[in-house]
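Only a predicted model underlies this, so the values are computations on that prediction, with no experimental measurement involved. Letters A, B, ... are given to chains in the order of the sequence lines, protein chains preceding strands, and every chain is numbered from 1.
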There are 2 protein chains.
Amino acid sequence: MAAVTLKDVAERAGVSIKTVSNVVRGIPRVSEATRSRVARAVDELGYRPNPSARRLRTGRSGLVALVVPDLATPYFAELAHHVRAEATSLGLTVLIEESLGDAAEELRLAGGVGASLLDGVILSPLRATPDELAGVTDDFPLVLLGERSYGRDRVVADHVLIDNVAAARDITSHLIGLGRTRIAAIGVDHQGSATSRQRLEGHQQALHAAGLPFDPGLAPRVEEFDRRNGLLAMRALASLPAGERPDAVFCFSDLLAVGAQRALHEAGLAVPGDVAVAGIDGSQEALYSTPSLTTVVPDKAAIASLAVKCLAARIRSRTPLPFEVHVAPHWLEERESTLGARRAVRP
Amino acid sequence: MAAVTLKDVAERAGVSIKTVSNVVRGIPRVSEATRSRVARAVDELGYRPNPSARRLRTGRSGLVALVVPDLATPYFAELAHHVRAEATSLGLTVLIEESLGDAAEELRLAGGVGASLLDGVILSPLRATPDELAGVTDDFPLVLLGERSYGRDRVVADHVLIDNVAAARDITSHLIGLGRTRIAAIGVDHQGSATSRQRLEGHQQALHAAGLPFDPGLAPRVEEFDRRNGLLAMRALASLPAGERPDAVFCFSDLLAVGAQRALHEAGLAVPGDVAVAGIDGSQEALYSTPSLTTVVPDKAAIASLAVKCLAARIRSRTPLPFEVHVAPHWLEERESTLGARRAVRP
DNA sequence: CACGCCGGTTACAACGTTGGAACACGATAG
DNA sequence: CTATCGTGTTCCAACGTTGTAACCGGCGTG
């Protein structure tokens, strides 16, 4: 078993423990001769610093947590992938946690579980409200993904998000541009999450701009943004009498859209012939589904990069900085589910 | 900021630090009176033990790592989900890491990164060979998912796996039972991973048992088990001259199958009319794809549970136990991609 | 030549926790 | 009345690391 300590290295190199520590951390005040001697001893013994001891002494662990509602959701899995990559490049280790959409759990994790274990948290909140979060983040480094619910004045933490209103507006405008007039929206949230509200807002803006009415009957409520809820919601919409049935549907997540496509398939309705479908998330699953799914792609790498850098900055400076809001880019990918033509996926 | 220590609690309760420590850890030798007094002080001050200090003192951190090739692969994301749940119920915290299919990285992580940070590792190896792994796991608790490459005698660590040979045999037999005779296999691995070899073995067993020949031309090599490779491999197969084209295909992962379905869609071939498709992984994506995908479902909850329990046991007993191999159940779910009839998904 | 200075190094204490030995106390036994 | 015991508690050291202060030698300066 390893258990090589500074002391062992020090003895080997014939210097004091502190000097080894200085060499290991690259502190300048060491002569070239001793530096190389120590470096060799480190290599020979295979010394690795003990994170617990370091943390205990310095108060820094180099450990941050990423809290997402559910890892089995492709969007969050892909995001976690990017966050981990970005954090690693900055020398941070990421602990991935799932809140399972439970508000209490989100608050607990936002507080840093053992704040004594973590340096900071990146949280993708689903249920917890900003007010609740404000109470918890007692100047503990916290970056929120998405969900700026309050105006620019009432910011309770750093945020990284895409412009949800614009994204939704883009999608619905695209559907309108295809000549569709009865456009459903699947994803109005039971709990009224900020994301859901913002996407509905963009949808309505686009309808309004085109002089189309908003029909609440075409905006069913869902429990979660998963495939199952998309399936159930679309089944209901598909069974409406002919004149009332939508000719397009904007789903607030790719998973909802996948479920909706499945329901249309089962109902014998053609996509996009009878009903055009669009999602949002830019997941790989959307690209490969049949028909391939038109979706808004949030720049996940940018989101991850901004979030990690922002968190790292906040950890570095102990003093409370003003909160920042970063907006990451997004773009619309038009595919078969709205365009119709069969086209080869460019893998 | 928190920073409530045992010392603070001790002062408040008017006892020694050690007594508080005993109460917190539920050690019996404490009178009921002091116990409740201390408990109240703990609550009032909001004391939380400092994991780093605890780890430093005891050598246990309660942290285990799960190392998977790629989180963006639904199978691993779902598995991570289960592992996390199971570990939490046992009071362990899970650090999720990605190896990105790099052998060196797998070995590094198998060794416990800083072994001083982790109590153990659950590793899903992709490239690293058992021989290499045997060298690293210097009695450091390690559980491998899948991949028992050697016979029962040469076991280098605990394993949790499904019977890949049987699973593959089941699938190919199912395809044969539909009357298919030219059955392709997509997923023969460039590097010859154990999983790939075992699935090919089962495939060949089923062919042999039915008196069908194995045609190497129908078993293209792939780089990875992802959608892209499935797409490319199936494109090639679909462009074979009429008589040589397969009438069924067994993909060694659901992602490969999704890519294959996409290629068939683009080639204008019907599933399962022209080509039946089956995968393996039991992902949600397979259930909702169009057509829904026949797949073998490994019992992921069982795999996670066995792996975590096995690791926990090994951590508890410092002495080297004999290595164990646990086999988790799996079953075949027959869906539209082989059965043909359009059927409603039971969500 | 004495002085201060500075680069390079070391000694010591502390971070919060826990294992083990030591201790106080009342009860029980001899 | 003392010796023994068990129960509950305290004291001390240690885990591996780093910040602070102190130290030591040689160099340039006055």
Side-chain angles (χ1 to χ4, degrees), chain A residues 1-39 41-42 45-63 91 112-119 316 318, chain B residues 1-39 41-42 45-63 112-119 318:
Chain A
M1 195 51 90
V4 180
T5 76
L6 284 179
K7 185 154 158 258
D8 302 326
V9 179
E11 276 168 19
R12 175 93 164 209
V15 294
S16 78
I17 289 178
K18 188 63 208 295
T19 299
V20 179
S21 171
N22 288 337
V23 171
V24 169
R25 288 179 299 151
I27 285 181
R29 203 60 67 75
V30 179
S31 73
E32 202 42 59
T34 48
R35 180 184 304 283
S36 65
R37 194 148 42 91
V38 169
V42 165
L45 295 175
Y47 167 77
R48 308 235 32 170
N50 181 322
S52 299
R54 191 171 263 185
R55 161 78 191 183
L56 181 59
R57 185 61 241 246
T58 61
R60 300 274 168 81
S61 62
L63 216 56
V113 203
S116 34
L117 178 61
L118 300 173
D119 289 347
R316 260 198 310 277
R318 292 315 286 169
Chain B
M1 196 53 92
V4 180
T5 77
L6 283 179
K7 185 154 158 258
D8 302 326
V9 178
E11 278 169 16
R12 175 91 164 212
V15 295
S16 79
I17 291 178
K18 187 65 205 295
T19 300
V20 179
S21 171
N22 287 337
V23 171
V24 169
R25 288 179 299 150
I27 285 182
R29 203 60 67 74
V30 179
S31 74
E32 202 43 59
T34 47
R35 180 184 303 283
S36 66
R37 195 148 40 93
V38 169
V42 165
L45 295 175
Y47 168 77
R48 308 235 33 169
N50 180 323
S52 299
R54 190 171 265 185
R55 159 80 191 179
L56 182 60
R57 185 63 241 248
T58 62
R60 300 273 166 81
S61 63
L63 263 181
V113 202
S116 34
L117 177 62
L118 300 173
D119 289 348
R318 290 318 283 171

In whole angstrom, what separates [X]'s [atom1] from [N]'s [atom2]?
X	N	atom1	atom2	result
B:Glu32	D:dT9	CD	P	11 Å
A:Leu56	D:dT18	CG	P	11 Å
B:Ile17	D:dT10	CD1	C1'	10 Å
B:Arg25	D:dT9	CZ	C1'	14 Å
B:Ile27	D:dT10	CD1	C1'	15 Å
B:Arg37	D:dG8	CZ	P	14 Å
A:Arg60	D:dG19	CZ	P	10 Å

Do [X] and [Y] touch side chain to side chain, with heavy atoms closer than 4.5 Å?
X	Y	result
B:Thr5	B:Asp8	yes
A:Arg55	A:Asp119	yes
B:Lys18	B:Asn22	yes

Checklist entry - What nucleic acid atoms does A:Thr5 come within less than 4.0 Å of, heavy atoms only: base, sugar-phosphate, or nothing? => result sugar-phosphate
Item to check | Degree of bending in the helix from C:dC1-D:dG30 to C:dG30-D:dC1 once both end axes are built from five pairs, to 10° | outcome: 60°
Item to check | Segment of DNA chain C, first to last nucleotide, that comes within the 4.0 Å heavy-atom reach of chain A | outcome: C:dG7 to C:dG16
Checklist entry - side chain to side chain donor-acceptor pair (under 3.5 Å) with B:Arg12: which residues, sequence neighbours excluded? => result B:Glu44
Item to check | side chain to side chain donor-acceptor pair (under 3.5 Å) partners for B:Ser36, two or more places apart | outcome: none
Search all heavy atoms of [X] against all heavy atoms of [Y] and return the closest pair with its distance.
X	Y	result
A:Tyr47	A:Val4	CD1-O, 3.3 Å
A:Val9	A:Ala41	CG1-CB, 3.9 Å
B:Val24	B:Pro49	CG1-CG, 4.4 Å
A:Arg60	A:Arg316	NH2-O, 3.8 Å

Checklist entry - Taking only residues two or more places apart in sequence, or in another chain, which ones meet B:Arg35 in a side-chain contact (heavy atoms from CB on, under 4.5 Å)? => result B:Val23, B:Val30, B:Glu32
Checklist outcome for this item: Assign each of B:Arg35 and A:Asn22 the nucleotide of DNA chain D bearing its closest heavy atom; nearer the 5' end lies the nucleotide of B:Arg35
Tabulated below should be each protein N or O lying under 3.5 Å from an N or O of nucleotides 20-28 of chain D; please produce it.
{"unit_1": "D:dT20", "atom_1": "O4", "unit_2": "A:Lys18", "atom_2": "NZ", "d": "3.4"}

Item to check | Euclidean distance, A:Thr19 OG1 relative to A:Arg37 CZ, rounded to 0.5 Å | outcome: 9.5 Å
Checklist entry - Is B:Thr34 near enough to D:dT9 that one of its side-chain N or O atoms lies under 4.0 angstrom from OP1 or OP2? => result yes
